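Because the structure is a prediction, the values reported are computed rather than measured. What you see below is based on every heavy atom in this structure, not just the backbone, and it leaves out hydrogens, waters and symmetry mates.
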Amino acid sequence: MILPGSTIGILGGGQLGRMLAMSAAYLGYRVHAFAPDADPIIAQVCNRYISADWYDVTALKAFADACDVVTLEFENVPAAPLQPIADKLAPHPRALAIAQDRLAEKRFVEELGGTPAPYHAVESRDALLEGIDRLGTPAILKTRRDGYDGKGQWRIGSREEAEALDFPGTPCVLEGFVTFECEFSVILARRADGAIAFWESAENDHADGILARSTLPGAAIIGEQVGEARRLAQAIADKLGYVGVLTCEFFAGKHGPIFNEMAPRVHNSGHWTIEGAATSQFENHIRAICGLPLGDTRRVAPRVVMENVIGPASATAYEALHDPAAHLHFYGKTDAPEGRKMGHITRLEWPEEGPA
Ligand code: AMP
């Protein structure tokens, strides 16, 4: 067990790391962070910040030596330079290696009995056209690596569009377009001894490929499919010997849950848990990686809605506080270009006046 007072290392400098660092501080841990950026937002809330390249193995090793356990908030940390510090890492970098490659991830999930969207590996324009002929249109071409929030994705409406596409020149995977009733995520926390806790699955609405809103309770179909989705998420976590919070995103399809992707970390669709659950994803991640008992994950209000504050809309987001049910989080970012996640607002809603 890594006791309060010890030092937790976080790889990555964004808002997920910032919220992890704040939960760690509540529990009395010190936090060191490591990322390539000069002045990341995590540096506003941690004890020590190291700015170095992901491939600077000497700096990484020194960082890990100063920490009792190291975790991550960003899944695109290159997995190879992490090998020398793998023993200190939770989750283990093997989870990263799978999650960083959409093709490896789909194959891994299929081996465990899961169903991803129909897909075709694409290394060239010819393979893209082959994939279009096999899967039909519309389809989505996604880079195998480094995509997030809809980046590195091209929607293809016809074979002609595929022929005209400026092919990205990096390994990709073509996905058939899935029709679904809604999207949901399974978020779990797992300890090294295999103990697991799940949060309720939120219904997630996206706009322009970016999460816009998570709502609980979600559509009835989520309740019908969440058991199967949880079994798959648990099988993934067990197979990887996963330690920490793991997120798996699903489409609620006509015939059952369709696996979209996994994130080996806390997730935007779990931000509602800060006020909306008895224990947040951030706190349980810290507890899991430190070997502490996991906290109760139950929802604490009849309805919980989390909305992201994205881009220039952040200028007036404080007005949400006129509603006493609203909790506003800002991530400490100074520039607010279109599409940038600046903060979020969580509302705990009770019928009538709410709790006494
Ligand atoms: P991703 O980055 O892969 O999670 O994609 C971002 C969003 O695009 C998803 O949350 C879906 O709303 C949509 N999307 C991605 N892949 C598919 C697919 N194969 N079929 C339909 N919609 C998709």
Side-chain angles (χ1 to χ4, degrees), residues 14-16 18-19 73 140 147-151 153 155 178-188 198-226 229 233 245 247-253 257-263 265-277 280-282 297-331 333 336-351 354:
Q15 63 264 21
L16 300 178
R18 196 176 141 100
M19 290 184 269
E73 64 100 48
I140 307 186
Y148 66 96
D149 285 349
K151 296 189 176 72
Q153 298 192 8
R155 292 193 179 206
V178 171
T179 47
F180 52 82
E181 196 171 304
C182 63
E183 296 183 62
F184 66 98
S185 44
V186 170
I187 307 182
L188 64 81
F198 292 97
W199 283 268
E200 183 180 346
S201 285
E203 176 175 342
N204 299 325
D205 295 311
H206 293 80
D208 302 325
I210 304 176
L211 182 68
R213 184 183 311 99
S214 296
T215 307
L216 299 107
I221 193 170
I222 298 174
E224 292 157 23
Q225 300 195 355
V226 74
V245 167
T247 305
C248 294
E249 293 183 77
F250 292 89
F251 304 121
I258 299 163
F259 172 88
N260 178 21
E261 60 180 354
M262 65 188 236
R265 52 166 172 78
V266 288
H267 195 260
N268 193 171
S269 62
H271 289 0
W272 68 271
T273 63
I274 298 177
E275 293 89 8
S280 76
Q281 60 168 350
F282 300 101
T297 51
R298 273 175 294 187
R299 171 160 53 94
V300 297
R303 192 173 130 92
V304 180
V305 181
M306 187 289 306
E307 283 180 321
N308 273 337
V309 175
I310 296 176
S314 58
T316 51
Y318 66 90
E319 289 175 4
L321 294 178
H322 289 299
D323 175 357
H327 296 267
L328 176 64
H329 294 250
F330 265 123
Y331 305 147
K333 299 177 182 178
E338 290 294 341
R340 190 172 197 207
K341 290 176 180 170
M342 302 299 293
H344 70 266
I345 297 163
T346 300
R347 290 189 176 79
L348 305 196
E349 298 176 1
W350 276 267

Q | All side chain to side chain donor-acceptor pair (under 3.5 Å) counterparts of Thr273, not counting sequence neighbours | A | none
Q. At what distance, to the nearest 0.5 angstrom, does CD of Gln15 lie from CG of Asn268?
A. 7.5 Å
Q: Looking only at non-hydrogen atoms, find the nearest pair between Ala252 and Ile221 and report the distance.
A: CB-CG2, 3.9 Å
Q.
Show me the pairs that pass side chain to side chain donor-acceptor pair (under 3.5 Å) and involve residues 311-327, at least two apart or across chains.
A. Asp323-Arg347
Q) Is any side-chain heavy atom of Phe184 less than 4.5 Å from a side-chain heavy atom of Glu203? A) no
**Q.** From SG (Cys182) to CZ (Phe251), nearest 0.5 Å
**A.** 11.0 Å
(Q) Within this structure, what is the CG-CD1 distance for the pair Leu328 and Ile345, rounded to the nearest 0.5 Å? (A) 5.5 Å
Q.
Could you tell me if the side chain of Val266 sits less than 4.5 Å from the side chain of Thr247, heavy atoms only?
A. no
**Q.** Interatomic distance, Ile310 atom CD1 to Arg340 atom CZ [nearest 0.5 angstrom]
**A.** 12.5 Å
(Q) Determine whether a donor-acceptor pair (N or O, by modelled atom type, separation under 3.5 Å) exists between the side chain of Arg299 and the backbone of Ala301. (A) yes
Q | Test log, rule side chain to side chain contact (heavy atoms under 4.5 Å, CB included), inputs Ile274 and Met19 | A | CA-CA 9 Å; Ile274 298 177; Met19 290 184 269; 3.8 Å; yes
Q) Is the closest side-chain heavy-atom distance between Trp199 and Val245 below 4.5 Å? A) yes
(Q) Checking Glu73 now: which residues fulfil side chain to side chain donor-acceptor pair (under 3.5 Å) with it, not counting sequence neighbours? (A) none
Q | Flag side-chain contact, heavy atom, 4.5 Å: Val186 against Phe250 | A | yes
(Q) Among residues at least two apart in sequence or on other chains, which ones pass side chain to side chain donor-acceptor pair (under 3.5 Å) with His267? (A) Glu249, Ser269
Q: Please confirm whether the backbone N or O of Gly253 pairs with a side-chain atom of Gln225, one donor and one acceptor, at under 3.5 Å?
A: yes
Q. Do the side chains of Lys341 and Lys333 get nearer than 4.5 Å, heavy atoms only?
A. yes
Q: Would you please name every residue forming a side chain to side chain contact (heavy atoms under 4.5 Å, CB included) with Ala202, sequence neighbours left out?
A: Asn204, Ser214, Leu216, Trp272
Q. Can Ile258 and Phe180 be said to form a side chain to side chain contact (heavy atoms under 4.5 Å, CB included), step by step?
A. CA-CA 9 Å; Ile258 299 163; Phe180 52 82; 5.8 Å; no
**Q.** Sub-4.5 Å side-chain heavy-atom contact between Leu211 and Met306
**A.** yes
Q) Quick one: side chain to side chain donor-acceptor pair (under 3.5 Å) partners of Asn260, sequence neighbours excluded? A) none
Q: Let me see the working for Asn308 and Met342 under side chain to side chain contact (heavy atoms under 4.5 Å, CB included), right down to the final yes or no.
A: CA-CA 8 Å; Asn308 273 337; Met342 302 299 293; over 6 Å; no
Q) If you look at every heavy atom in Ile222 and Ser201, which pair is closest and at what distance? A) CG2-CB, 3.9 Å
Q.
Any donor-acceptor pair under 3.5 Å linking the side-chain atoms of Glu307 with those of His271?
A. no
Q. Does Ile187 offer a backbone N or O that forms a donor-acceptor pair with the side chain of Ser185 under 3.5 Å?
A. no
**Q.** Side-chain donor or acceptor of Thr346 paired with backbone N/O of Glu275 under 3.5 Å
**A.** no
Q: Answer whether the closest heavy-atom distance between the side chains of Pro302 and Pro351 falls below 4.5 Å.
A: yes
Q) His344 vs Tyr331 aromatic rings, parallel, tilted or perpendicular, using cut-offs 30° and 60°? A) tilted
